[in-house]
Amino acid sequence: MPKPPPRIRILATGGTIAGAQTLGGRGYKAAAFSADALVAAVPRLDTLARLEVEQVAALASQDMDDATWLRLAARTQAAVASPGVAGVVVTHGTDTMEETAFFLNLVVRTRKPVVLVGAMRPATAISADGPMNLYNAIAVAADPAARARGVLVVANDEIHFAREVAKTNTTQVGTFRATHRGLAGLVNSGRLHLYGPPVRRHTHASVFAPLPRAVAARGLPRVDILHAHAGMGRDLIDAAVRAGARGLVIAGVGDGNLAAPALAACAEAARAGVAVVRSSRTGGGVVERNIEVDDDALGLVAADELNPAKARVLLQLGLTRTRDPRRLQQLFFAY
Ligand code: SIN
């Protein structure tokens, strides 16, 4: 008797992969199709895996929020805890996929593959990219070689590490890039070619995983991102602090720099106990400590390699454990 294919749980959240075009128009509505409909549209999936489908949310990923992250993390943790489940596939919009992938990479304790997948073209488009992306994602989740690599993102025949991947183009199917440490691998019609392994702590070695019940019940602390620019003032930083932000991520110019009035506001916020992380709006490179900004003196944290969106995720989780900028900095060097 041939061995039955592995069991894979699909957790659906919506996105363009489940999107339908509006009649006669160029527009479309994300999250229009159910996960069952997506799966039914892909031929030969039954040769790869026995699928269990669960609809966790049905939204366009610009509407992804902390509450949905916490629910998705709990459902992912429950899926990997099931002894018969070999891996998990999360269908998701591409807009915030890198944040959700990094969040799950930090809070789900597992060695099993957890793979996020989306599409740039809606399911009804000419040459929709969703079906092949979904086929490949299921192939990755079903392959034991993909274990213990942290959360992965599959799109356009590429496999990406959650920590490294970023959406870099508004419309093209090859939107996902990993500017620092490169691809996790390739997947061609379900056949894997894996590179790696990932360099930083994740999933089974993450201090945040599994997410404690108390954190899930309380919710994540508020962290705001502020985009630096020529002539930046302090008003929006002060407003964020007044609105209750417990952390700020600055998408700084260059090496995480910001204009003098804005820097003064950040230093004041840090003195008042708000965690301030300097990242970069450039899309690449490392934000180093104490280059043009005296982080030691001002009590600031450097984002290291994380882009602003991912720095926000790590800071939200870091703040569930400490407000000390030195301990927060160690997290940015470890994850
Ligand atoms: C979304 O992120 O939900 C919309 C865009 C996409 O999925 O490509």
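Atoms within a ligand are numbered from 1 in the order they appear, just like the ligands themselves.
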- prompt: Below 4.5 Å, heavy atoms only, C-beta onward: do E98 and N307 meet side chain to side chain?
  reply: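 Yes; the side chains approach each other to less than 4.5 Å.
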
query: Would you say D129 and N156 make side-chain contact, with heavy atoms under 4.5 Å?
result: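 No; the side chains remain at least 4.5 Å from each other.
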
Listed once per pair and sorted, the side chain to side chain donor-acceptor pair (under 3.5 Å) pairs that draw on residues 42-52, sequence neighbours left out: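 Found R7-E52, R9-E52.
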
Show which side-chain atoms of residues 244-264 pair as donor or acceptor with protein atoms under 3.5 Å away, not counting sequence neighbours.
unit_1, atom_1, unit_2, atom_2, d
D255, OD1, E288, N, 3.2
N257, ND2, E292, OE2, 2.9

query: In terms of heavy-atom contacts, does CG of L236 have more than 12 from other residues, nucleotides or ligands at under 6.0 Å?
result: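 At most 12 heavy atoms, drawn from other residues, nucleotides or ligands, come within 6.0 Å of this atom.
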
Write 'none' if nothing qualifies; otherwise put on separate lines each N/O atom of ligand 1 with a protein N/O atom under 3.5 Å away and their distance to 0.1 Å.
unit_1, atom_1, unit_2, atom_2, d
ligand 1, 2 (O), S61, OG, 2.5
ligand 1, 2 (O), T94, N, 3.2
ligand 1, 2 (O), D95, N, 2.9
ligand 1, 3 (O), S61, N, 2.6
ligand 1, 7 (O), T16, N, 3.0
ligand 1, 7 (O), T16, OG1, 2.9
ligand 1, 7 (O), T94, N, 2.9
ligand 1, 8 (O), T16, OG1, 3.2
ligand 1, 8 (O), T94, OG1, 2.4
ligand 1, 8 (O), A119, O, 3.1

Please list every donor-acceptor pair under 3.5 Å in which a side-chain atom of residues 210-228 meets a protein atom from a residue at least two apart or in another chain.
unit_1, atom_1, unit_2, atom_2, d
R222, NE, D224, OD1, 3.2
R222, NE, D224, OD2, 3.1
R222, NH1, A243, O, 3.3
R222, NH2, D224, OD2, 2.9

